[in-house]
Enquirer: 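I have a structure here, written as structure tokens, and I will follow up with some questions on it.
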There are 2 protein chains.
Amino acid sequence: MSVKNAFYAQSGGPTAVINASACAVIQTARAHPDQIGKVYAGRNGIVGALTEELIDTSLESDAQIAKLRTTPGAAFGSCRYKLKSLEEHRAQYERLIQVFKAHDIGYFFYNGGNDSMDTAWKVSQLAETMDHPLVCVGVPKTVDNDLPLTDCCPGFGSVAKYVATSIREAGLDVASMAKTSTKIFVLEVMGRHAGWITAACGLAAEREGAAPHILLFPEVAFDEVAFLARVQACVERYGYCTVAVSEGLKNGEGQFVAEQGGKDAFGHSQLGGAGQWIAQLIKDRLGHKYHWALADYLQRAARHLASKTDADQAYALGRAAVELALAGRNAVMPTVQRLSDAPYRWEVGVAELKNVANVERKMPTDFITPDGFHITDKCRAYLSPLIEGEDYPPYKNGLPDYVTLDNRLVAKQLPDFQI
Amino acid sequence: MSVKNAFYAQSGGPTAVINASACAVIQTARAHPDQIGKVYAGRNGIVGALTEELIDTSLESDAQIAKLRTTPGAAFGSCRYKLKSLEEHRAQYERLIQVFKAHDIGYFFYNGGNDSMDTAWKVSQLAETMDHPLVCVGVPKTVDNDLPLTDCCPGFGSVAKYVATSIREAGLDVASMAKTSTKIFVLEVMGRHAGWITAACGLAAEREGAAPHILLFPEVAFDEVAFLARVQACVERYGYCTVAVSEGLKNGEGQFVAEQGGKDAFGHSQLGGAGQWIAQLIKDRLGHKYHWALADYLQRAARHLASKTDADQAYALGRAAVELALAGRNAVMPTVQRLSDAPYRWEVGVAELKNVANVERKMPTDFITPDGFHITDKCRAYLSPLIEGEDYPPYKNGLPDYVTLDNRLVAKQLPDFQI
């Protein structure tokens, strides 16, 4: 195969380490100038391929690219834009191939979650029928940790480390004040459908009585009576109670607790989410003073507290993606294969995109304790290695020194295309 | 003076570094066994002195005490309990002296903010009249940064570093997604009356267009029209807009925006705070998709991201407090005296408690830009050194290895006392 350019795009919600994968893709490509020409990045993800807004990463210095490894967000822009079926969106898939042809792109690296792997798979199929040789390789990324065939997903370990650290710290704070003031602390974390991030909070509870005392998973229908009894028991035993709740907590009817008919249990109109709702419930029913926090984007952008394991894996899978492509492996995704829990050992594996696309990995039921309020030892053994190690960014003026690239676009070759 | 025991208490909301001051007090006292016997710590602050619940810190190993330096929260417990005037609460002040007499306490170190310095001052006065020799020294602590006569307050620099880092990180996240998804990010930070923490967020905006784009201070009456115009201008110019808002944001009538008659501008009942209110206002008026975060206790407990300057000052002032006491200086508080901004140089000074008590330092008006939406260069020059340097805690199993002390109590000598 002659020298071909590569296209790289970031998809979906950013993570603390998605740019580490980007860094690896670009650095590995630069190390193989005999096979890969320029790496073009989609401006705002796959949308940039459709609109032919291609960022020429060759205009960035090696030093700038190296700084991607420790910079959160999605450096080239990302998007929530799902290409649907080939039948429905055929024009869009064909446009992708046209853009790739116009810019002599022979490699397609797509860094995202389930939907992205599905898109990459479809593109690989279409390229064959359109007679454009294209090697498509997925690079896994999602804080949701829900991709199949990989032991974990880059991005998850860092959010896990952040939320576990945060609830440990807030727990020490509220424990200090509980005698005369706040007795309840609630942290709302991400997880609309799966409780992986909530489970990670549980890692902080390494000794009897330590925060978090109660975890509320989207997988477990909320049982108000059992929950309030548990809260009260914690307050009586430890003087305070800390709760980590998934944004996706649902009641027995499968409704999100924070959206039950637009009104909460107390007749208040509902503006907030699960954390606020749980905190107010405790206040109304048990009378305890509360504080609550909503980590929101802070949790998935917290590169300052990245897991070294996670950052290493994000980089390793980005590099492996390019190496797989150079070896001619099409329609695949590099994965993390766990060899042992303790000591933690892992290696890079390979999955077929067709087996990854649209398959969602659930949290095993035996990762949640029978009462539904905490994680099991089995879950802890799985999660613990994923937050191991610190990988601090450089600092300047007291703040993390994150890079912002120039992101200069390549001249367009094609007519405009409406998406 | 013969060997006397010391009493140390933590007061008010914990900070990331209040235990660094505790560490310094205990380590410095241990280095002077010829003058200081045991250090007793109040269980839950001054309440522990009133109830004669004294923690014997001599039962903790040097290694455990050393770990206090990097542990957030208040290791001995704190409280919100203000002793009022001597006339109203004379019995309580007398009780303190009785407890100090019963346990041969000749030194009183009180680690807190304005109220605590007032209490320490009153206790020092009463001790004289009750013929109990007592050296009272305050140790400043408050994330609110509102104590007078000191350049800054231990605890503030670390929360400043945390909020500035957090909004920089979240800003990169939202910038990534703004094209097709969230365009607005709002971070609510502490500051009921003073905008120091909101101002600190502004440190992250080191270049044109970087987050945070708008700061909303409690010192500046909220101007909805000007604010919304600024938000829209940011979205048009940069594609997104990030806002840091103080929990204490008020309207022109001096009401907290989040508590205007129990209903917000849209007729919703009000559960949330300023951050949620601002985010919803933008959505309702401008239609932009938003995310918002509530840092709450996470910001003041974030020892994992402590400012080295702050941690060093917290330790230095704890040590200075003991040294002042050993030198016979009564009714004083060690302070931070700034010698220069760049390079930042500082030394320990001394203030009289009577000049500190109940005086609140405001943010200078020339620290806020004339439009009311950001910080000035003068403010930046003041704040920047306070977040300099990293001072990471040790980690174990991927999480900060914080110490929890045994906190064993001394046998009571006195009858019970109702507080």
Side-chain angles (χ1 to χ4, degrees), chain A residues 10 13-14 44 47 71-75 77-81 161 164-166 168-170 172-177 179-181 185 203-204 206-207 268-269 271-272 276 280 291-298 300-305 307 384 387-390 392 395 397-400 402 404, chain B residues 10 13-14 44 47 71-75 77-81 161 164-166 168-170 172-177 179-181 185 203-204 206-207 268-269 271-272 276 280 291-298 300-305 307 384 387-390 392 395 397-400 402 404:
Chain A
Q10 303 178 311
N44 301 311
V47 166
T71 295
S78 183
C79 63
R80 292 202 187 286
Y81 187 83
K161 190 181 185 84
T165 297
S166 294
R168 170 171 288 185
E169 293 180 330
L172 289 171
D173 190 300
V174 69
S176 306
M177 297 296 289
K179 178 74 178 177
T180 57
S181 185
F185 179 78
L203 287 172
E206 288 184 292
R207 56 174 188 78
H268 303 139
S269 294
L271 288 178
Q276 191 170 17
Q280 188 65 41
H291 267 245
W292 75 287
L294 176 63
D296 196 67
Y297 285 172
L298 270 50
R300 73 181 192 195
R303 185 60 185 79
H304 75 270
L305 188 60
S307 152
S384 196
I387 67 167
E388 262 303 333
E390 294 69 56
Y392 300 118
Y395 279 71
N397 300 331
L399 292 172
Y402 296 137
T404 297
Chain B
Q10 302 178 311
N44 301 313
V47 165
T71 295
S78 183
C79 64
R80 293 203 188 283
Y81 188 83
K161 190 182 185 85
T165 297
S166 295
R168 169 170 288 184
E169 292 179 333
L172 290 171
D173 189 301
V174 69
S176 307
M177 297 296 290
K179 179 75 176 177
T180 56
S181 183
F185 179 78
L203 287 172
E206 288 186 294
R207 56 173 188 80
H268 303 138
S269 294
L271 287 180
Q276 191 169 18
Q280 188 64 40
H291 267 243
W292 75 287
L294 176 63
D296 196 65
Y297 285 171
L298 270 50
R300 74 181 191 195
R303 184 61 184 81
H304 74 270
L305 189 59
S307 152
S384 195
I387 67 167
E388 263 303 333
E390 294 68 58
Y392 299 117
Y395 278 71
N397 299 332
L399 293 172
Y402 297 136
T404 297

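Protein chains get the first letters and strands the later ones, always in sequence-line order, with residue 1 at the start of each.
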Enquirer: Would you give the length of the straight line joining atom CZ of B/R303 to atom OG1 of A/T165, rounded to the nearest 0.5 angstrom?
Expert: 13.0 Å
Enquirer: With rounding to the nearest 0.5 Å, note down the distance linking CG in B/D296 to CG in A/L294.
Expert: 10.5 Å
Enquirer: Output the distance between atom CG (A/D173) and atom CG (B/L298), rounded to the nearest 0.5 Å.
Expert: 9.5 Å
Enquirer: Got a donor-acceptor contact below 3.5 angstrom from the B/T180 side chain to the A/R80 backbone?
Expert: yes
Enquirer: Which heavy atom of A/R300 sits nearest a heavy atom of B/M177, and at what distance?
Expert: NH2-CG, 4.2 Å
Enquirer: Side chain, backbone, both or neither: which part of A/N44 has a non-hydrogen atom closer than 4.5 Å to chain B?
Expert: side chain
Enquirer: Between B/S166 and chain A, which part of the residue has a heavy atom less than 4.5 Å away: side chain, backbone, both or neither?
Expert: both
Enquirer: Against chain A, work out which of B/P400, B/S181, B/A170, B/A164 has the most heavy-atom pairs shorter than 4.5 Å and name it.
Expert: B/P400
Enquirer: Out of A/S384, A/A295, A/G389, A/A302, which one racks up the most heavy-atom pairs below 4.5 Å with chain B?
Expert: A/A302
Enquirer: Determine the interplanar angle of the A/Y395 and B/Y392 rings, folded into 0 to 90°, and report it as parallel if under 30°, tilted if 30 to 60°, perpendicular if over 60°.
Expert: perpendicular
Enquirer: Which heavy atom of B/S176 sits nearest to which heavy atom of A/A74, and what is that distance?
Expert: OG-N, 2.7 Å
Enquirer: Using every non-hydrogen atom in the two residues, find where A/G398 and B/K161 come nearest and quote the distance to one decimal.
Expert: O-NZ, 2.8 Å
Enquirer: Given heavy-atom pairs under 4.5 angstrom as the criterion, report whether the side chain, backbone, both or neither of B/E390 touches chain A.
Expert: side chain
Enquirer: Among B/G13, B/G77, B/C79, which has the most heavy-atom pairs under 4.5 Å with chain A?
Expert: B/C79
Enquirer: Pick whichever of B/I387, B/L399, B/V47 has the most heavy-atom pairs under 4.5 Å with chain A.
Expert: B/L399
Enquirer: Could you tell me which portion of A/L305 (side chain, backbone, both or neither) has an atom closer than 4.5 angstrom to a non-hydrogen atom of chain B?
Expert: side chain
Enquirer: Side chain to side chain donor-acceptor pair (under 3.5 Å) with A/Y81: which residues, sequence neighbours excluded?
Expert: A/Q92
Enquirer: If you compare all heavy atoms of A/L172 against all heavy atoms of B/T71, which two are closest, and at what distance to 0.1 Å?
Expert: CD1-CG2, 4.2 Å
Enquirer: Taking B/H304, B/K179, B/R168, B/R207 one by one, which has the highest count of heavy-atom pairs under 4.5 Å against chain A?
Expert: B/H304
Enquirer: What part of B/Q10 lies closer than 4.5 angstrom to a heavy atom of chain A: side chain, backbone, both or neither?
Expert: neither
Enquirer: Of the non-hydrogen atoms in B/P72 and A/E169, which two are nearest, and what is the gap between them?
Expert: CG-CG, 4.2 Å
Enquirer: At a heavy-atom distance under 4.5 Å, which candidate from A/A75, A/G73, A/S78 has the highest pair count against chain B?
Expert: A/S78
